[in-house]
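Positions are given from 1, in the same order as the sequence printed here. Remember, it's a predicted structure, so these values are computed and weren't measured experimentally.
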Amino acid sequence: MDGSTNSLDDVSAGSSAEYPDRVSMMEGRLQLQENEITLLKSSLADALRRLRLHDQLIPLLKQQLIAVNPAAARVLNQVFCSDGFSSSRKLSSSSALDGTRHPATSQVGNNIEGENGHYGDNGSLAPMCKPPTYDQATQTELTPLGQDHGLDRVPLALTSDIQSLSLEDALPKGISLTEGSRAKLHCIQGLEEEDEEVEKEKDLSRASFVEEPIHPTTIRSLQREDLQDPNGSTESLSSARQTPISGSPVPPKDLSPSPRSGPLSTILEGQNKPLVRRNSEKLAKDPQEKTKKRLDKKAASSANLLTRSPSLESRTKDLIASAGSPGSRRGTQGQSIKMFIRGRPITMYVPSNIQNYDDLRMEPPVEKLELDWVYGYRGRDCRANLYLLASGEAVYFIACVVVLYHINNRTQRHYSKHTDCVRCLTIHPDKVRVASGQTAGVDKDGKPLQPYVHIWDSSTLITLQQIGLGTFERGVGSVAFSFADSGAFLCVIDDSNEHMLSVWDCAKGTKHAEVKSTNEAVFTVEFNPNDSTNIITCGKSHVYFWTLSAGSLTKKQGIFGKYKKPKFIQCFVFSLTGDVLTGDSEGNILTWGKSPGDVKTLGKGAKETFQIMRQTRAHDGSVFTLCMLQGGALLSGGGKDRKIIRWSADLAPERECEIPEKFGAVRCIADVDGEEVLVGTTRNAILRGTFSDGFVAIVQGHVDEMWGLATHPSQDVFLTCGHDRQVCVWNTEEHKLDWCTTLEEYGLCADFCPNGAVVSVGLSTGRWLVLDLQTKDVVSDYTDGNEQLSVMRYSPDGSFLAVGSHDNFIYIYNVTESGRRYSRYGKCNGHSSFITHLDWSKDGKYIMSNSGDYEILYWDIAGGCKLLRNRYESKDREWASYTCVLGFHVMGVWLEGSDGTDINALCRSHNERMVAVADDFCKVHLFQYPCPKPKAPNHSYEGHGSHVTNVRFTHCDSHVLSMGGKDTCILQWRVKRGGTGDSGRDRLHSSSSTSTSSPEP
């Protein structure tokens, strides 16, 4: 027996995972770490946003200062040019992180009075004189205010030193800021709406007073009522004395009234005492107190963020659309949309041709898909799954589809009512009805899907009966119709640990009997064709003979006696004489018969037994299948020797032939007309032929997980590659395999050169090959890095080739000699994770790329593979193809609450009307293009039994091709035109200009 067969059977008999608790615990830890990272990212994004807001307020403040006091423009320019700009920027950054705001963002038009040097209503302080200041930024010596410079000029040194002023220093003694006044400090003209949005997201209990030093000419005015005493009179600022620093003279009182009266209370400047912060002594005593408070505030802010928002896992991919600020990054104008994937925000800019994003109408495409052809057959790990119907159609299955292939007309029909992979199949004695059983699965939310058996009509494809929903565990392993009573009963064995055997009434769909069979693997079950009360099962080290009586099942075990007990009994058939013939893993055909009870040994009352009557050596290795022909002859198929042997009725060998090695071992045999047979192989092929003429493949497929898919630019041809190291070229019109070659390493991605003469294939080791489509020869062989390649993409004119790798780089090559010669042009370096998808612009100068950490980057290839840091500039760029799963035009394909890896691939049609999507839940979706709004309506199609790894349109958009991962299945979908209309861009423009929007599903 070959090693692969042993492995297959051992897997079939295996149990569940050994350490589920440990795996669950590790998954929980990983989830906690991801939540912490998401929280940190969110906090950083919030801090950066607040920093940007404060930076935007500087020009507004400057304009208001100039408008109120033109004479201050000169001083203002000096402050901003020398030290003030950097200082204010640092302050902005600090307060953005601390959650505080500066009074510099207030309306200063009401704060400053520059005439005669007087400020405020009720009085002014005497001019103050400071000691000379020799700061490196200013290098000026202080001149007393009003001396030699005029009262309308403010010395630069004074403005630099006064930056350590607190807002409370401007108020008279005993007067404090009210909550209303402090709140007014945050009212910024022109940005009230944006602040409102920020405040909704932040903790409202956050302190609103200003902790940072402020410039005296930028203090926000306070309302009159905040400075009035209970009697309604306004206090004089003369009482607002500051605590003097030792060695500093106390300024004298100056009770002269101000020539201007009004509701403002401002700072009055003295001559001999520098202005200092009121709490400077306290800070000097405890310099760590402020730092401690700030850290406490940050911790509280982070805690509020975690408790304020819904669970980060529940909004892993919440599509949150918000209009960008008028002055967004780099001063760009226009709208931007944010979507979140696993808590990471992704900003996408709205193209210029969309006037109103909110008015976009999202509708399903008028086109629909219809399953046209299924490539592949599941023979690697399933038995007894190939039969011939009375209609001349071969019935078999792969993934979730049961295929009816007419072997003469070469046409297909499909039964696709199963929700997960089909595991077993049998036909009714009338050769019209079919029973097929499926495995258990899970839906996109992780909820289990229960296995069942469908009985359906092969002529109409209508389901007649659903058997066992909610009864079977894990899946259905084997099914069989009874023959003696014209198929009145159906026997089913499930994949539970006890391998429950149950008998069902086909007409009523009710259970007739049920019993535990064995804890060992069970491979097949059959009714005795002459007696429906006798059932036989076989599997690992056993053959059981069951008797059905009065709704109960009893069993007798076959006795091997003097013969060696094989490890596996792989198959069995009933001979015309009623004997049972089994094929085992030792390569023998055993003939079983019923023997009377051994009275001499067991005594009176001994019951009859089933014993081996004869042993026939048949194959080197396992006997995988036995097929009884109409005349009594027998066909056997071998595993290791790949032989098909014809035996006479008395088990004498008559003829034999060997299956080519590339097709694998014989899995099952179906009789066509006594001479011609169909053969299913372990390498997922179906052969048709005779002993004299040999066998040819009529169905072929991959045998391992597939990822690479590319369609020819001008012909009805596509290429696939996968972990089985095969590169296959298929014809979509003739529905056949044109050619296949085997590589040294497995391929993961591919793309045709625009001239259609060659195709490049990326491999798992960083190596990539260029194959000639006609000769199958390798014309170029290169290596980039030592990690697997994930995407190959030619530029529209074929002059460049982009190679995306898991080493985070995109390698660019010049292409010459019609795609047969390549030279390195450059390398795109900027992604922080592996490359997943990329597309070229229509002019062939730019690239858009996605990575594993959900980045969208743009590259200027013509300019030397430079990263375009301002993504806003690429919002109107047109792309020759669209396969990137992240982008404004395909935002709507992401479902709410799904993971960042839920969409494996997408492809825009060449007419730019549709987007086909391959997801992680075995489905193919068809969306309208573009679909930039969340929850975009779409058409969804089932058929795959594993994650759909790739999807592509053919060159003329007549078909969509999708490939499964583990199900090794390629589905070809026909595009059914629903009508004609404008292109996708025209529909987008017309949708954006209307005021009516369709309801979102």
Provide the closest heavy-atom pair for Trp456 versus Val402 in the form atom of the first, atom of the second, distance.
CZ2-CG1, 3.5 Å
Tell me yes or no: between the side chains of Asp724 and Gln726, is some donor less than 3.5 Å from an acceptor?
yes
Could you check if a side-chain atom of Val703 sits within less than 4.5 angstrom of a side-chain atom of His723, using non-hydrogen atoms only?
no
Between Asp420 (side chain only) and Thr439 (backbone N and O only), is there a donor and an acceptor less than 3.5 Å apart?
no
Examine distances only and state if a side-chain atom of Arg433 and a backbone atom of His428 form a donor-acceptor pair shorter than 3.5 Å.
no
Taking atom types as modelled and ignoring hydrogens, do the side chains of His418 and Ser436 form a donor-acceptor contact shorter than 3.5 angstrom?
yes
Check this for me, if you would: do Lys923 and Glu942 make a salt bridge, where the nitrogen-to-carboxylate-oxygen distance has to be below 4.0 angstrom?
yes
Measuring from atom OG1 of Thr533 to atom CG of Asn528, what distance do you get when rounded to the nearest 0.5 angstrom?
8.0 Å
Distance-only polar pair, side chains of His619 and Glu656, donor-acceptor under 3.5 Å:
no
Heavy atoms, side chains only, cut-off 4.5 Å: are Ile467 and Val479 in contact?
no
Which residues share a salt bridge (Lys or Arg N to Asp or Glu O under 4.0 Å) with Asp495, sequence neighbours left out
Arg423
Given Asn588 and Lys564, is the side chain to side chain contact (heavy atoms under 4.5 Å, CB included) satisfied, shown in steps?
CA-CA 10 Å; Asn588 298 320; Lys564 179 182 178 181; over 6 Å; no
May I ask you to decide if the ring planes of Phe610 and Phe545 are parallel, tilted or perpendicular, using 30° and 60° as cut-offs?
parallel
For Glu473 and Asp494, which heavy atoms make the closest approach, and how far apart are they?
N-OD2, 3.4 Å
Heavy-atom donor-acceptor pair, Arg725 side chain to Leu743 backbone, under 3.5 Å
yes
So, do Cys421 and Arg378 sit near enough that their side-chain heavy atoms are less than 4.5 Å apart?
yes
Beyond-backbone contact of Thr426 with Cys424, side-chain heavy atoms, under 4.5 angstrom
no
Show your working on side chain to side chain contact (heavy atoms under 4.5 Å, CB included) between Met706 and Ile970 and close with a plain yes or no.
CA-CA 9 Å; Met706 301 180 294; Ile970 305 170; 3.8 Å; yes
With sequence neighbours excluded, tell me which residues meet side chain to side chain contact (heavy atoms under 4.5 Å, CB included) with Ser486.
none
Any non-hydrogen side-chain atom of Tyr452 less than 4.5 Å from a side-chain atom of Gln438?
yes
Side chains of Phe527 and Phe574: closer than 4.5 Å at any heavy-atom pair?
no
Test side chain to side chain contact (heavy atoms under 4.5 Å, CB included) applied to Ala633 - qualifying residues, sequence neighbours left out
Leu629, Arg646
Could you walk me through whether Trp592 and Phe560 pass the ring pair (Phe, Tyr, Trp, His ring centres under 6.0 Å) test, one step at a time?
CA-CA 9 Å; Trp592 297 79; Phe560 290 90; 5.3 Å; yes
Heavy-atom closest pair, residues Ile407 and Ala394:
CG2-CB, 4.0 Å
Heavy-atom distance under 4.5 Å between the side chains of His414 and Val374, does that happen here?
yes
Minimum-distance pair of heavy atoms, taken over all atoms of Leu748 and Ser764:
CD1-CA, 4.1 Å
His944 vs Ser962, side-chain hydrogen bond (donor to acceptor under 3.5 Å, both in side chains): CA-CA, chis, key distance, verdict:
CA-CA 9 Å; His944 285 287; Ser962 62; 2.8 Å; yes
If every non-hydrogen atom of Asn519 is compared with every non-hydrogen atom of Glu498, which pair is closest and at what distance?
OD1-CA, 3.8 Å
Would you say Glu514 and Thr471 make side-chain contact, with heavy atoms under 4.5 Å?
yes
If we count only N and O atoms by modelled type, under 3.5 Å, do the side chains of Ser458 and Tyr415 hold a donor and an acceptor together?
no
Nearest 0.5 angstrom please: Ile535 CD1 to Ser517 OG, how far?
11.5 Å
Using the side chain to side chain contact (heavy atoms under 4.5 Å, CB included) rule, take Met500 and Phe472 through it: C-alpha gap first, then chi angles, then the decisive distance, then the call.
CA-CA 8 Å; Met500 301 297 296; Phe472 308 128; over 6 Å; no
Just grab all the ring-ring contact (aromatic ring centres under 6.0 Å, His included) pairs involving residues 634-666, residues at least two apart or on different chains.
none
From the options Thr591, Asp579, Leu590, select the one residue that forms a side-chain contact (heavy atoms from CB on, under 4.5 Å) with Arg614.
Thr591
For Thr547, what residues pass the side chain to side chain contact (heavy atoms under 4.5 Å, CB included) criterion, not counting sequence neighbours?
Asn534, Thr554
First locate atom CZ of Arg380, then atom CZ of Arg683, and finally report the distance between them rounded to the nearest 0.5 Å.
11.0 Å
Non-hydrogen atoms of Gly943 and Val401 that approach each other most closely:
O-CG2, 3.7 Å
Approximate separation, where rounding is to 0.5 Å, of Cys969 SG and Phe397 CZ
12.5 Å
I'd like to check the side-chain hydrogen bond (donor to acceptor under 3.5 Å, both in side chains) partners of Ser549; sequence neighbours left out, ordered by chain and number.
none
Got a donor-acceptor contact below 3.5 angstrom from the Thr518 side chain to the Glu520 backbone?
yes
If you apply the rule side chain to side chain contact (heavy atoms under 4.5 Å, CB included), what do you find for Leu634 with Ile589, and how did you get there?
CA-CA 11 Å; Leu634 178 69; Ile589 297 177; 4.2 Å; yes
